[in-house]
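Notes follow the structure.
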Amino acid sequence: MSSPPEHVSAQPGRERFSIPVSTLASGYALSIPVLAITGTKPGPRIGVSAMIHGDELDGLLIVRKLWRTIEPAELSGSLWLMPVANPLAMEAVTRNTPIDMLDMNRLFPGAPDGWLSEQQAHAITAGFINQVDRLIDIHAGGTFPWVDYCYVLNDEAFSRAFMSALLYKPTTMYPATTASAALARNIPITVVEIGGGYHDQAEHVRNGVRGVLNMLRHAGALPGPVEHRPCQLLLNEIKVMRPRHGGLCIPARQLTPGTWLDGGEKLADIVSPHSFDTLETMTTPFERNVVVLTRNYATRINPGDYAFMMGNSATAVWYD
Ligand SMILES: [Zn+2]
């Protein structure tokens with residue numbers, strides 16, 4: 001177990017602190033809030049971060065519930081919760097940081113003399129990722145898409161304990177993410193993708209809380225038996241489907257992550273908002289597909305945006 005930094009008490013209980021980043025042009029100080037629960041027994045320090053992307057609210061809702069329900073008396077070690085890793089992006093409901101328009105989750109470990117997003121990434125790396133023994137980074141589909149899967153990176157059992165139906169082991173990760181910073185330290189890291197889109201998020205939040213609590217039991221931070229979800233599907237190949245053209249994305253039907261589709265099935269038309277002509281039709285890419293990310297209602301879409309994600313069943317593996 002790492003010893004706590006000076007600003008965090010080693011005494012059991014709840015406390016809040018902030019990781020300073022910078023002074024904004026308006027003169028206001030920008031800092032990243034952290035909620036710490038210190039348990040009564042020794043154990044690992046586990047970090048849970050949310051809202052690196054400012055349009056992914058589910059992680060914040062999951063962290064809110066964890067903060068309210070986990071008691072120091074039942075916790076071994078400590079839990080550090082970062083509810084809003086990118087406060088300006090959260091305020092603007094944007095994926096990227098509005099001031100420099102950069103995606104902070106492609107800039108880790110960041111730089112103290114870089115763009116604001118690089119400075120934020122640097123502060124989070126030094127003040128959070130480098131201070132924990134395990135990391136869970138929560139993402140979602142964003143304002144329009146809906147997603148439900150969990151990455152398998154360096155600790156398969158830890159990832160499986162989140163209990164997503166779909167797991168994904170990428171051959172190449174996006175560069176310079178929170179996961180890259182955690183992998184560089186060789187600490188167990190799981191990135192979870194849950195919720196988003198135009199519908200009630202309550203079920204995603206419930207599943208997210210249940211999954212994180214199970215991961216905490218798996219890591220020995222909470223007492224009780226670890227739940228096992230049978231029949232999880234490990235995907236080795238996912239196609240991110242980005243339209244060539246922007247406009248309206250009109251889905252062919254409503255889909256749920258985990259649904260199976262044949263090859264060549266129509267997913268959506270991309271329609272011009274000027275002429276209402278169909279600019280392109282998006283169809284399933286593999287012979288047999290499993291839905292990973294979907295858009296279920298007519299939405300605005302940019303060229304190159306996340307429209308759908310489909311897993312390839314030919315390279316997928318079932319777990320017991
Ligand atoms: Zn994200």
Side-chain angles (χ1 to χ4, degrees), residues 32 47-64 81-110 116-118 120-121 123-125 128-129 135-153 159 162 164 166-170 172-183 189-199 201 204-205 207-209 211-212 215 235 238-242 257 291-295 299 301-302 304-309 311:
I32 314 284
V48 180
S49 51
M51 297 207 83
I52 294 259
H53 293 132
D55 60 348
E56 300 175 1
L57 196 69
D58 294 71
L60 173 60
L61 299 173
I62 291 166
V63 164
R64 171 177 180 248
L81 305 168
M82 178 174 279
V84 188
N86 195 341
L88 297 173
M90 183 241 177
E91 196 171 74
V93 201
T94 53
R95 177 179 174 86
N96 293 5
T97 314
I99 285 178
D100 54 25
M101 306 302 272
L102 293 171
D103 181 342
M104 181 164 65
N105 206 31
R106 300 290 181 272
L107 299 171
F108 280 85
L116 175 62
S117 296
E118 293 176 293
Q120 283 192 137
I124 290 169
T125 302
F128 194 78
I129 297 175
L135 180 65
I136 303 165
D137 190 26
I138 306 177
H139 290 252
T143 303
F144 299 131
W146 168 22
V147 76
D148 197 343
Y149 69 103
C150 175
Y151 281 88
V152 172
L153 298 169
S159 292
F162 187 66
S164 292
L166 301 176
L167 303 163
Y168 176 41
K169 192 175 201 168
T172 48
M173 265 300 274
Y174 290 114
T177 63
T178 50
S180 318
L183 289 167
I189 158 74
T190 294
V191 176
V192 307
E193 298 272 356
I194 188 163
Y198 275 170
H199 55 249
Q201 302 296 312
H204 306 316
V205 175
N207 289 342
V209 170
V212 173
M215 294 172 92
L235 298 165
I238 287 179
K239 171 79 176 163
V240 178
M241 303 184 64
R242 305 173 184 276
V291 177
V292 175
L293 175 146
T294 183
R295 292 182 177 229
T299 52
I301 196 158
N302 291 318
D305 211 345
Y306 287 80
F308 297 90
M309 286 166 62

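Atoms within a ligand are numbered from 1 in the order they appear, just like the ligands themselves.
Nearest heavy atom pair, residue Arg95 against residue Ala89, reads O-CB, 4.3 Å. Of all heavy-atom pairs spanning Arg295 and Tyr306, the tightest one is NH2-O, 2.8 Å.
For the pairing with Val292, the side-chain contact (heavy atoms from CB on, under 4.5 Å) check across Val240, Leu235, Asp148 returns one residue only, Leu235.
Open room surrounds CZ on Arg64; 12 or fewer heavy atoms of other groups in view lie less than 6.0 Å from it.
Near-neighbour remark for the Zn ion (ligand 1): protein N, O or S atoms under 2.8 Å are His53 ND1, Glu56 OE1, Glu56 OE2, His139 ND1; waters not counted.
Atoms OH and OG1, on Tyr151 and Thr190 in that order, are 12.0 Å from each other to the nearest 0.5 Å.
Under the 3.5 Å distance criterion, with hydrogens and angles disregarded, no donor-acceptor pair is assigned to the side chains of Asp55 and His53.
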